[in-house]
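Ligands are counted one by one from 1 in listed order, and the atoms in each one are counted from 1 as well. We count residues from 1, following the sequence as given. Worth saying up front: this structure is predicted, and the values here are computed from it rather than measured.
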Amino acid sequence: MKTVKFGGTSLASAEMMKHCADILKMDDARRFVVVSAPGKRSSDDIKVTDLLYRIYSEVLNDYDPEPTLLLIYERFREIVEGLEIDFDLEKEFDEIRSQLNHDINVNWLASRGEYLNAKIFACYLGWPFIDAKDLIIFKQNHLLSHHLTYKTAGAILSDFSHAVIPGFYGADTHGVITTFSRGGSDVTGAVIARSVGADLYENWTDVSGVMTADPRIIDHPKQVKWISYRELRELSYMGASVLHEDAILPIRSTGIPIQIRNTMDPEAEGTMIVSKYPVDMHQHPVTGIAGKTGFSNLQIEMALMNTQVGFGARILEICAEYGISYEHTPTSIDIISVIAETSYFENCRREIIMKIDQEFHPDKLFIEDGMALVTVVGEGISTNVGVAAKVLQIISNAGINVRMIDAGCSELNIIIGINETDYEKTIRALYDGLHEYF
Ligand code: ASP
């Protein structure tokens, strides 16, 4: 049994919806469908969810929201007409209008794109529509109540052979609509897959899967056919975005695989995201390369630092006091570096330097910006000798200066800090040089 999620581009028009219905019909195992709100039909189009947030800010700022509401109405009217279904859109929009006159809940408003799209798609398919507010339960702190959700959704859905469910939102225990963060329909799909005990979670989107490198830097990079949850998390964290980063959590302990598939190329096999690689599968040493710019290095140098027990802990405590979430802390005998996103230092640069200076009077203390981090990810790094050497050799052959190296004992990735100005050059050099490792 498969849980299927269609993204916003896949359901952006009546024509696309018909195409997605055909995809469903191709496989009887596709029984529970999670949908996004209509996305962009072209690069200059606006997503329905963005229009809904726009309405909220118009209401807050005392602007007339009616023109924006009409834009959304038009999008849905075109879909309903194109599908030739009997659907009372007027009634739905009357309800939205009446809510706008009250103290409006932004999450309720933002969720209407998914709500309407799911109702319309269900009507077209002749499948039951089940509101996510009855299935997905949030705690008062807006975090998902995992076990209660799996139990509730599992029990409700066990009465249905098929259903269409809106993505992106649920409700708290008082019934107040709450949303995931943007792109959260991916998380709904994972939650539903877990709740119904699906064998596979198919995530249909507008790309053919995970790429081995950023296609904005590498022209047509090779596609990743298989990737582990852990590898995907590393790559996504460093900028490879194909799935919401919270979508792994609901299914991690069950091992349900996620298959990324391209709606416009349904024959393509896409990327399979698995908890563990099949034992008989040939393991490539490297799965992908990703990276991010915009990092800074807070460096503290002090003679005999190594004799002061708790020095590093105190530095990290000071960082935490200023809300800095750090990435790496490379150390040597008398030097400690804290690598974090530059944006964290924006409002506390002077204060943090003064605080460390007053407390420790170090020999040297500075914050250096302009660092990029590049990561080479692969479960196979741990079982293949020479990957790290090869990575450094490629970088040195390209004449790029390495500012930091971090390769954890997990051997899941090798992270290199370089100057931001060398960022794209590094990605290109690594992609070319590691080609035979993918
Ligand atoms: N429609 C929501 C968004 O644009 C959620 C989603 O599409 O997953 O973020």
So among Glu420, Glu327, Glu341, which one has a salt bridge (charged side-chain N to carboxylate O under 4.0 Å, His left out) with Lys292? Glu341

Under 6.0 Å between ring centres, would you say that holds for Tyr344 and Tyr326? no

Does a side-chain N-to-carboxylate-O contact under 4.0 Å join Asp50 and Arg182? yes

Go through the structure and list residues passing side chain to side chain contact (heavy atoms under 4.5 Å, CB included) with Asn141, not counting sequence neighbours. Lys139, Leu143

Output field: ring centroids Phe87/Phe121 closer than 6.0 Å: no

Between Arg112 and Glu92, is there a salt bridge with N-O shorter than 4.0 Å? no

Measure from every N or O atom of ligand 1 to the protein's N or O atoms and keep only the pairs below 3.5 Å, writing each with atom names and distance to 0.1 Å.
residue, atom, partner, partner atom, Å
ligand 1, 1 (N), Thr49, OG1, 2.7
ligand 1, 1 (N), Glu114, OE2, 2.6
ligand 1, 4 (O), Arg182, NH2, 2.9
ligand 1, 7 (O), Ser36, OG, 3.1
ligand 1, 8 (O), Gly183, O, 3.4
ligand 1, 8 (O), Gly184, N, 3.4
ligand 1, 8 (O), Ser185, N, 3.0
ligand 1, 8 (O), Ser185, OG, 3.0
ligand 1, 9 (O), Arg182, NE, 2.7
ligand 1, 9 (O), Gly183, N, 2.7

